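Written below as structure tokens is the structure these notes are about.
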2 protein chains.
Amino acid sequence: MVTIKDVAKKADVSVATVSRVINGLGGVRPATEERIRKAVEELNYLPNVIARSMVMKRTETIGVIVPDIANPFFPEVIKGIEEQARDSGYTLFLANTDESVEKERQLLHALRERRVDGLIVTTADEQHSPLMDLELGGLPVVLVDRHIQDSPYDSVVIDNVDGAYTAIKHLVTTGHTKIGLIAGPDHVTPGRERTEGYVQALRDFEIPARDQYMKEGDFKEESGYQLGKELLSLSDPPTAIFSANNLMTLGLLTCIRDQGRELGKDIVVVGFDDLDIATFVDPPLTVVSRPMRQMGEIAADMLVERIQGKTFPEPRKVILIPRLIVRSPDRVE
Amino acid sequence: MVTIKDVAKKADVSVATVSRVINGLGGVRPATEERIRKAVEELNYLPNVIARSMVMKRTETIGVIVPDIANPFFPEVIKGIEEQARDSGYTLFLANTDESVEKERQLLHALRERRVDGLIVTTADEQHSPLMDLELGGLPVVLVDRHIQDSPYDSVVIDNVDGAYTAIKHLVTTGHTKIGLIAGPDHVTPGRERTEGYVQALRDFEIPARDQYMKEGDFKEESGYQLGKELLSLSDPPTAIFSANNLMTLGLLTCIRDQGRELGKDIVVVGFDDLDIATFVDPPLTVVSRPMRQMGEIAADMLVERIQGKTFPEPRKVILIPRLIVRSPDRVE
DNA sequence: AGTATTAATGTAAACGTTTACATAGTAATT
DNA sequence: AATTACTATGTAAACGTTTACATTAATACT
């Protein structure tokens with residue numbers, strides 16, 4: 001491997017001078033610079049970032065920890081992070097926890113050893129994140145999508161209450177009063193908050209909440225199917241159903257088809273999070289959509305600020321507002 | 001930051017001894033080791049991998065370059081890579097080229113500067129990959145999904161010919177003789193080879209290939225829609241259509257619905273690559289599916305072997321066989 | 001032309017490890 | 001008890017940069 005010394009020798013200068021032109025610090029005579037550039041070129045010299053990191057005490061590197069890279073949400077977020085981070089000269093370490101706290105702990109360890117300048121993480125467990133009991137020694141961290149209560153970290157999340165509220169409001173204003181809910185688990189924020197939005201909207205529009213219209217699922221496809229079936233077979237079934245995430249929406253749609261109900265006519269569906277088939281089903285699906293890419297961008301920006309030493313009296317919490325994408329009349333007769 | 005020196009001082013030994021216990025090299029008296037471990041613990045010492053890389057001349061790091069992380073194929077591949085790589089102690093740098101050769105060049109440069117021990121890449125352009133004109137200085141590289149002609153790199157790809165052949169064979173054995181093709185672009189391997197499989201199968205089963213049944217798309221959804229329309233409006237339309245990738249299949253399905261044709265009855269569809277909606281449409285879709293995860297695992301394994309210095313007379317090319325997932329009778333009356 | 005000033009370049013320490021080699025300590029052998 | 005043979009530990013160089021500081025060369029000023 002050719003080093004800065006080889007270049008120096010070839011250009012007949014000292015390593016300091018070579019370093020100066022490589023880093024564009026100026027104060028080098030044009031003729032000298034020319035000679036050095038030629039040497040770099042001819043020797044095919046590639047600066048060793050590792051050695052540089054060593055003395056600079058920073059690696060220009062960001063660790064990204066996600067619970068499931070196969071969930072379409074995260075690739076979009078990562079895209080946002082990457083683009084923004086790259087603009088600031090950072091490269092990403094990517095790691096996948098598979099929703100396992102233990103893996104999260106190991107990955108955190110590995111990335112800290114690698115001396116990342118900062119971390120962007122969606123923790124596997126809001127309640128027992130290793131981020132909390134680990135001694136991070138001031139390493140900047142930004143949380144994405146999942147907020148950790150009382151943590152000292154910045155975070156960028158979605159206003160789940162608002163998202164759900166808007167969805168229900170849409171259904172109410174299109175004439176529905178019998179609105180079912182397929183909720184997420186109550187012990188995680190997205191689950192709890194989306195239910196909260198539903199309840200709040202009903203209250204505001206003075207629609208009595210009926211217990212039998214509210215079913216709690218687990219964010220998995222199967223529960224959407226199952227709970228959809230329960231809702232549809234009520235003696236007085238809802239005319240519309242709000243499903244709290246994409247997978248459950250998928251299950252719900254399958255259920256509706258299997259039950260021989262007609263979408264948009266017998267039953268109207270609005271889901272949280274957009275999905276591929278939303279534009280494919282007939283009529284297309286109205287959904288609550290999140291700015292995933294933007295979440296990544298913001299997270300990266302906030303992290304870079306922290307890395308650059310900016311401080312704030314409180315951890316920052318950016319709450320983005322989801323958008324309702326109306327794709328159908330969704331009217332009730 | 002606490003360093004090995006601090007530990008040494010606290011445990012009243014030399015840094016060499018500390019290094020020995022950290023790396024488990026043995027030859028240290030139990031009492032001494034105990035003292036050192038305690039010091040490590042108390043000081044919360046975290047070895048600096050950067051410094052280690054410096055002297056070891058390897059970073060235990062792999063660069064992964066993909067053209068589009070939002071394409072569901074890649075997260076699966078990455079999962080496979082990551083799992084396998086982690087077992088061997090490697091951490092991944094992830095980078096996204098957005099199908100841009102220029103970005104690929106930049107990323108290659110950045111990762112080489114970072115001294116990755118090896119690269120796994122799906123190049124943005126098989127014909128003009130920067131991997132070919134760049135002086136990589138013997139850096140191990142494994143190609144995934146897209147093979148580069150005459151390159152010195154190992155690769156793991158799919159037998160596209162076989163995949164398409166199997167799909168057509170399935171259609172023939174379920175009674176179809178009028179089989180349409182929505183092909184991928186002829187200038188990229190997956191496009192060309194899948195068409196080849198189609199043609200070969202027809203020949204083997206002695207079904208005359210009709211020009212008007214073969215339409216070339218661009219792997220995008222819209223072309224699936226458009227070409228589907230063309231095929232369906234022929235005076236003697238095919239009874240089955242093979243679509244060469246997931247997005248075009250999606251377009252085709254939308255088209256079929258819009259045209260008021262009944263899937264599985266008026267027209268049978270088989271697609272290359274599985275998709276979410278395959279199990280959702282009625283009847284569910286028969287598809288050619290690839291072992292994405294496995295592709296990643298194999299790529300990682302091959303790369304690690306190369307990193308460890310294994311050599312082979314020829315670049316290795318692993319060709320995986322796709323699997324036909326039959327989800328419907330797909331019979332023709 | 002000689003000095004003062006500024007611009008260009010060089011020297012060497014530092015970053016935090018690993019490891020070859022040297023040294024000190026301990027146990028075994030006579 | 002003295003020598004030998006290990007075993008445990010320490011010393012210092014090396015990895016490839018950056019940069020404070022020292023030095024030298026070039027330019028400006030009288």
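Nothing here was measured: the structure is a model prediction, and the numbers come from that model. Order of the sequence lines sets the chain letters (A, B, ...), proteins ahead of strands, with each chain counted from 1.
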Handout entry: Phosphate OP1/OP2 of C/dT11: any A/S14 side-chain N/O under 4.0 Å
Key = no
What is the nucleic acid contact for [X], judged by heavy atoms within less than 4.0 Å: base, sugar-phosphate only, or nothing?
| X | value |
| --- | --- |
| B/M56 | sugar-phosphate |
| B/T3 | sugar-phosphate |
| A/S53 | nothing |
| B/T17 | sugar-phosphate |
| A/V55 | base |

How close or far is atom [atom2] of [N] from atom [atom1] of [X], stated in whole angstroms?
| X | N | atom1 | atom2 | answer |
| --- | --- | --- | --- | --- |
| A/R114 | C/dG16 | CZ | C1' | 16 Å |
| B/K57 | C/dT18 | NZ | C1' | 13 Å |
| A/R58 | C/dC15 | CZ | P | 16 Å |
| A/D12 | C/dG10 | CG | P | 7 Å |
| A/I4 | D/dT19 | CD1 | C1' | 11 Å |
| B/I22 | C/dT17 | CD1 | P | 7 Å |
| B/I50 | C/dT18 | CD1 | C1' | 15 Å |
| B/L46 | C/dG16 | CG | P | 13 Å |

Handout entry: Shortest non-hydrogen separation from B/I69 to B/F74 and the atoms involved
Key = CA-CB, 4.5 Å
Problem - Distance-only donor-acceptor test, A/R20 side-chain atoms vs C/dG10 base atoms, 3.5 Å - result: yes
Problem - Residue whose nearest DNA chain D nucleotide is more 5′ - A/L25 or B/G26 - result: B/G26
Exercise for the section: Return the 5'-most residue of the pair A/N23, B/R29 with respect to DNA chain D, ranking by each residue's nearest nucleotide. Expected result: B/R29
Exercise for the section: Identify, between B/V18 and A/G27, the residue whose nearest nucleotide on DNA chain C lies closer to the 5' end. Expected result: A/G27
Handout entry: Short side-chain donor-acceptor distance under 3.5 Å, B/E60 and B/T91
Key = no
Handout entry: Nearest listed nucleotide, side chain of B/N48, among D/dT17, C/dT18, C/dG16
Key = C/dG16
Practice task
Taking only the side-chain heavy atoms of B/Y45 (C-beta and beyond), determine which of C/dC15, D/dG10, C/dT17 contains the nearest atom.
Solution key: C/dT17
Handout entry: Salt-bridge present (A/R146, A/E99; N to O < 4.0 Å)
Key = yes
Practice task
Assess whether atom NZ of B/K10 is packed by more than 12 heavy atoms of other residues, nucleotides or ligands within 6.0 Å.
Solution key: yes
Exercise for the section: Taking the side chain as every heavy atom from C-beta outward, state whether B/L94 and A/F93 have any pair of such atoms under 4.5 Å apart. Expected result: no
